[in-house]
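Reviewing the structure listed below.
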Amino acid sequence: MTVVTRFAPSPTGFLHIGGARTALFNWLFARRHGGRFLLRIEDTDRARSTDAARQAILDGLDWLGLEWDGAPVYQSARAERHAEVALALLDAGNAYRCYCSPEELAAMREAARKWGSGRLYDGTWRDRDPADAPEGAAPVLRLRAPLDGESVIDDAVQGRVTVHNDQLDDMVLLRADGTPTYMLSVVVDDHDMDVTHIVRGDDHLTNAFRQSLIYRAMGWAVPAFAHIPLIHGPDGAKLSKRHGALGVEAYRDMGFPAEAVCNYLARLGWSHGDDEIFSMAQAAAWFDLANIGKSPARFDIARLTSLSAHYIRAMTDDRLAGMVEPLIAGRLASRLTDTQRTRLNAGLPGLKERAKSLVDLADSALFYCRSRPLEPDAKAAKLLDGAGKAKLALARETLAEVEGWTAESTEAAIRATADAAGEKLGKIAQPLRAALTGRTVSPGIFEVLGVLGKSESLGRIDDILEPTVV
RNA sequence: GACCCCAUCGUCUAGCCAGGUCAGGACGUCACCCUUUCAAGGUGAAGACACGGGUUCGAAUCCCGUUGGGGUCACCA
C-alpha cells in the first residue's frame, strides 16, 4: 500500500506556523515511506476564501521546500461528487431529510446544553414521515448515526480514543441549498484521493469520530489518523491567527532561512533521540508518527533564532550572497555596484559568523557597501575623540607604508606599531574599527582592512582625521 | 456546562509502552577561558519528574484520584 498524505488548508488567511508544521509532518511522513503528499485547498466557504490567501499558502509551502505531488485539488470544484455521495447515503437509508427550522435547532441546542447532553440534534426527523414536512421548507440531509455503542479511533499519536455514540448526533451532510458540509467533503475527498494517513491538528480529533461514521456508512476503509498537538504561544495560550500567530512569510521577512524554520518546526513536537540539528532529508529518513509527543509545545523564538544563526554560518558564501544582496540593495536604495558586490562577497565569511538572521547580516554588512564619508554612530563617534584620533593617526602612518596589502600584512604592521608604542592592540584597533566601519562592532579589524583595500581604508581614516567640510 | 486529550529543568525534549539511570541533551541564563570589538568556540554552574494515594523489594515509568492546561461541541472549515 502506498502511503498518501495530504495537507488541506482553507484559504482564509496566510499559512501560519501551525499549519506549516502540519504540512511538514505530512510531507515528512510521505517521504519517509516513499509515498505521495497531496495538497487540497478547502475553499468551500466562498465568503471567507480569497485568492490572495490561496497564493500565500502556496508560496509559503514553496518557500519551505514542501513540494506536493500532482496538482492541488480544489474542494469547491467537487461539490457535485459530494452531493452524489450524500444521495447514495440517502438511498441506502443511512441518511434522511430534516426539515427543522433554525429556531427549532437553536432550542434543541439550548436544551441539550442544559441537560448536559452531547447530542445537540434530537433526531426529530430521523423516523418521521416526510409527508409531515412543513409547506415550502427546504430540508437538509442528515446522517443516520448510531444511537448507542461507542466509536473507537486508534490514533497514531493520541492512542486509542473512545467516545460514546450518544455524543455524536446526526450531522448535516447537505445544506438546505444542496451544498455539502465540511464533514462530508473531507471524507469524500480523502477517500477519492486515496489518502491513507490523515495527519492534522488535534483540534480535529472530535471530527474524526463523526467522519469515521460517514466512512462506515459508505462502507469505505477508514484511513489512519494522527492528531498532532497544537502549537501554543509563549504564554501557553493557543497560537491562533487571532492570537499572535504569524504567517511563515513573516519569519522569512525576519530573515530566518527556510531550513532553520523547517528544522525548528520538525523538532517542535517530534523528536529523534537527542538530535537537534538535521536536514529535512535526514528527518525524512527518520520520521515516525510514534515519536510525536502528545502534549502541546510552545513557540520559542529564541530557539528558532539559534537555529537560524547556525544555518547562516553553515551556508556557502555564494548562496548567502544571493540572499542578502537584495536586502542590502533595499537599504541602499540602489543596486550594488561591482565594487560593493566584491567587498560584500569578500566580507561574508567574517560577517556570517556573527549574524542571527539574514536581516541582521544585511545590517552588519552595510558598512562594506556604504560610500565615503561614513557617519559613525554614537558609540563609534565616542571612540574617535582626541585620544582616539591620535591612535588613528598612528595607525594611518603605519598602514600607509604597508606593501602587499592583506589582512595578514596589515595585522603584522599594526601589531608591530602597537608593541613599539607600548600600547595594547585594542587601543588602536577600536578607533580603527570606528573609522573603518562607523561602528564599535564588526568582524576582525584586519579582515575588514583586507576587504576594503588600501585606498578605501586610508580614505576612510582620512575622512575622520581631516574631515572635508562640504 | 458536556465530551475528549495532555502534564519531566524558564522553553523544546530523551527516558515511560517491556519499573532499578548521579533523570540525559539542546535553546536560554550565569561564570570563566580564548580575544582587537561582537559573535563563534571551549569549560563549568544553576535548573525538572504538578500534587496525593496505591501496586511493588524498588515508580518519572503501572493504576486511581486531585489540581492545572488544552481541544471540540454550526446548515464554518
Side-chain angles (χ1 to χ4, degrees), chain A residues 8-12 42-45 47-49 75 98 100 102 105-106 109 112-120 138-142 155 157-159 161-164 166-169 171-177 179-183 185-186 201-207 209 227 229-230 232 234 236-238 264 267-277 290-291 293-307 309-310 313 350-356 364 379 383 411 414-415 418 424-430 432-434 437 439-446:
Chain A
S10 56
T12 54
E42 308 212 319
D43 55 350
T44 49
D45 187 340
R48 290 198 303 152
S49 298
Q75 194 161 62
C98 163
C100 283
L105 258 16
R109 272 199 289 278
R113 294 253 164 117
K114 191 173 172 186
W115 292 100
S117 161
R119 195 173 269 268
L120 264 22
V140 300
L141 208 62
R142 285 182 184 275
D155 193 277
V157 170
Q158 305 291 336
V161 185
T162 305
V163 157
H164 286 94
D166 61 13
Q167 297 298 319
L168 278 17
D169 55 10
M171 74 195 107
V172 173
L173 265 16
L174 240 36
R175 300 188 188 98
D177 64 3
T179 58
T181 59
Y182 161 78
M183 218 56 84
S185 304
V186 192
D202 73 6
D203 48 342
H204 284 283
L205 183 59
T206 54
N207 287 339
F209 289 96
H227 287 94
L230 268 15
H232 288 187
K238 180 189 178 185
Y264 175 70
R267 199 61 192 66
L268 203 59
W270 174 74
S271 63
H272 182 267
D274 284 338
D275 294 303
E276 301 286 352
I277 294 176
N291 287 316
K294 295 167 98 172
S295 50
R298 296 188 191 201
F299 188 82
D300 179 14
I301 197 126
R303 204 177 166 77
L304 208 207
T305 303
S306 147
L307 248 8
H310 170 87
R313 255 178 272 134
L351 255 15
K352 71 180 181 185
E353 203 64 35
R354 296 162 168 77
K356 301 277 181 224
S364 66
K379 283 184 200 160
L383 282 174
E411 173 161 12
I414 293 288
R415 279 192 190 276
K424 293 194 71 172
L425 184 56
K427 288 291 177 191
I428 297 178
Q430 274 308 83
L432 200 48
R433 169 169 288 113
T437 71
R439 308 266 195 108
T440 54
V441 173
S442 82
I445 196 61
F446 303 113

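The chains referred to below are lettered A, B, ... by the order of the sequence lines, with proteins before strands, and numbering in each begins at 1. Note that this is a predicted model, so its numbers are computed, not measured.
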What does nucleotides 34-51 of chain B look like as a protein-contact string, B for base, S for sugar-phosphate only, - for none, at under 4.0 angstrom between heavy atoms? --BBBBSS----------
Tell me whether the side-chain N/O atoms of R109(A) come closer than 4.0 Å to OP1 or OP2 in rC75(B). yes
Going by purine N1 to pyrimidine N3 plus the second Watson-Crick contact, or the G-U wobble pair, all under 3.5 Å, which nucleotide sits opposite rG68(B)? rC6(B)
From CD of Q158(A) across to C1' of rA7(B) the rounded distance in Å is 13 Å
T44(A) side chain near rA77(B) phosphate (N/O to OP1/OP2, under 4.0 Å): yes
Out of rG10(B), rC4(B), rU72(B), which nucleotide sits closest to the side chain of D203(A)? rU72(B)
Take atom C1' in rU67(B) and the same atom in rC27(B), then report the distance between them in whole Å. 29 Å
With sugar-phosphate meaning primed atoms plus P, OP1 and OP2, does E42(A) contact a base, only sugar-phosphate, or nothing at under 4.0 Å between heavy atoms? sugar-phosphate
Does rC6(B) have OP1 or OP2 under 4.0 Å away from a side-chain N or O of K294(A)? yes
Counting only side-chain heavy atoms from C-beta out, which of rG10(B), rA2(B), rG25(B) sits nearest to D300(A)? rG10(B)
Do the side-chain N or O atoms of T181(A) get closer than 4.0 angstrom to the phosphate oxygens (OP1, OP2) of rC75(B)? no
Find the partner of rA60(B): check Watson-Crick (N1-N3 plus N6-O4 or O6-N4) and G-U wobble (N1-O2, O6-N3) distances, both under 3.5 Å, and reply none if neither fits. none
